[in-house]
Amino acid sequence: MAAKDTDTAEGLHVAIIMDGNGRWASQRGWPRLFGHRRGAERAKQIVEACPDLGVSHVTLYAFSTENWKRSTEEVIGLMSLMGRVIRREAVTLQAEGVRMRFIGDRAPLDARMRNLMKWIERTSQENTRLNLTVALNYGGRDEILRAARALAQDVAAGTLAPEAIDEAQLAARLDTAGLPDPDLVIRTSGETRVSNFLLWQSAYTEYEFTPTLWPDFTPEEFSGILDRFRSRERRFGKAST
Ligand code: FPP
C-alpha cells in the first residue's frame, strides 16, 4: 500500500542544526567522535520528546555536503555511528510510531548505508505519530540544483512546458516533497548561520539560536524554545494586526 506523505495530525515542524559536538568533546579533552556519540543520544531524547510537545515533524541536520572536508576518521566515524543508530533504533521507531525519512544526495554514500536507509524508510512508512527526517549528505543549494536539473530533464523530454514551472513544480522535485515547510529552525552552539540548511523551505521560517552545545541541549530547553516560538506572531509577509 502506498504511504501518504503528510498524514500526521498537524503539529509543528521543527528543524534542528545540531551543532557543537566537537567543542563539547574538546572541552573535556576527548576525541570529537565522543561528542557525536553523545550528540546521537541527545538526538534520540529530543525526538522522543516531540509528540508530547506538539511537534509532528522533526528534521535533523546530521551530515552536510560540506562535512566531507572533515578528517577521514571523523567522516567514517560519523557514517558508522549513523548506521548503528538506525539499526539499533529500528524496533523503537516502530513501537513509537515514528516514520523515518532521509533528505540529501545518496549517490556518494556507500551501498550498505543506502540499503539501510531504504530499508528503514520502507519499514516505517505507515507510521504516523511522528515524522523524523534526517538530512544526510544534505545541502540546500545542492538540493535546489538537483531539482532544477530534474525540471530541465522534464522540459527536454517534452513532458513539462517551461511556462508551467512554478513553485509547486520545483518543490515537488526537492528531497522534501510532501513534507511541510519548517515552522522553526533551532541551531545550537551559539553559531548564527543558516549553513545551507533547508534554503528553499525556510522562506518564512522562524529561527532560534541557543549557545548550548548540542550534547547539552535538554528536552526542557527544547520545550522552553517551543513556548517562546508559540508566543511569536507569524505574519507570512502580511501587515501586523
Ligand atoms: C555538528 O557538530 C554535528 C555534526 C556534524 C554531526 C551531528 C550528528 C549526530 C549528532 C549523529 C546523529 C545521528 C542520527 C541518526 C540523527 P560539530 O562537529 O560541527 O561541532 P563543532 O562545531 O563544535 O566542531
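Note that these values count all heavy atoms, side chains included, but never hydrogens, waters or copies made by symmetry.
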Would you check, one step at a time, whether the test salt bridge (Lys or Arg N to Asp or Glu O under 4.0 Å) holds for D110 with R114?
CA-CA 6 Å; D110 83 41; R114 289 201 309 264; over 6 Å; no
Worked verdict on E121 versus R106 for salt bridge (Lys or Arg N to Asp or Glu O under 4.0 Å)
CA-CA 13 Å; E121 284 182 329; R106 301 173 192 213; 2.8 Å; yes
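In this structure, R84 places its CZ atom where more than 12 heavy-atom neighbours from other residues, nucleotides or ligands lie under 6.0 Å away.
The side-chain contact (heavy atoms from CB on, under 4.5 Å) test with L184 is passed by exactly one of R230, E206, H13: E206.
Atom OH of Y207 is separated from atom CD1 of I186 by 12.0 Å, given to the nearest 0.5 angstrom. Here the CG-NE2 distance, from L12 to H57, works out to 11.0 Å after rounding to the nearest 0.5 Å.
Here E41 does not pair with R88 in a salt bridge; the nearest charged N to carboxylate O distance is not below 4.0 Å. Between R38 and D216 there is no salt bridge, since none of the side-chain N atoms of the basic residue sits less than 4.0 Å from a carboxylate O of the acidic one. Between E74 and K69, none of the side-chain N atoms (NZ, or NE/NH1/NH2) sits under 4.0 Å from a carboxylate O, so this pair counts as no salt bridge. A salt bridge between R187 and E191 is absent, with no side-chain N of the basic residue lying under 4.0 Å from a carboxylate O of the acidic one.
Considering only heavy atoms from C-beta on, W214 stays 4.5 Å or farther from D19 through its side chain.
S189 and R23 make their closest contact through OG-NH2, 2.9 Å (heavy atoms, listed as atom of the first residue, atom of the second, distance).
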